[in-house]
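Notes for the one structure printed next.
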Amino acid sequence: MSKRMQKSGSAGDAVYGLGMIGAAVWYISSATTFWMGVLGFLKALVWPAFLVYEAFKALHG
């Protein structure tokens, strides 16, 4: 017997994807060199971590 698992996307995936695209556009458009653009793209991949960090910093201080 084989079990079939079906995974469907959620609205959170769409929000994360749109946020990543927006962050990439923001970081890359403000980059002054090619390597800053590359760094901006990498930052865009982990933008929720920056958001949570700043939120916790604001709540603590």
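These numbers were taken from a predicted model, which means no experiment stands behind them. We use all heavy atoms of the structure for the numbers below, so side chains are in, but hydrogens, waters and symmetry mates are not.
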Going from CZ on F34 to CD1 on I28, what distance comes out if it is rounded to the nearest 0.5 angstrom?
->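 With rounding to 0.5 Å, CZ (F34) is 9.5 Å from CD1 (I28).
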Calculate, to the nearest 0.5 Å, the distance between atoms CH2 and OH belonging to W47 and Y27 respectively.
->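 Going from the CH2 atom of W47 to the OH atom of Y27 covers 10.0 Å.
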Quickly, which of V25, L45, V46 forms a side chain to side chain contact (heavy atoms under 4.5 Å, CB included) with M20? Name it, please.
->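 Passing option: L45.
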Linked, directly or transitively: L51 and Y16 (ILVMFWY side chains, under 4.5 Å) |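 Yes; Y16 is reachable from L51 via cluster members.
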Closest contact, heavy atoms only, G37 versus A31 =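 Residues G37 and A31, closest heavy atoms: N-CB, 3.4 Å.
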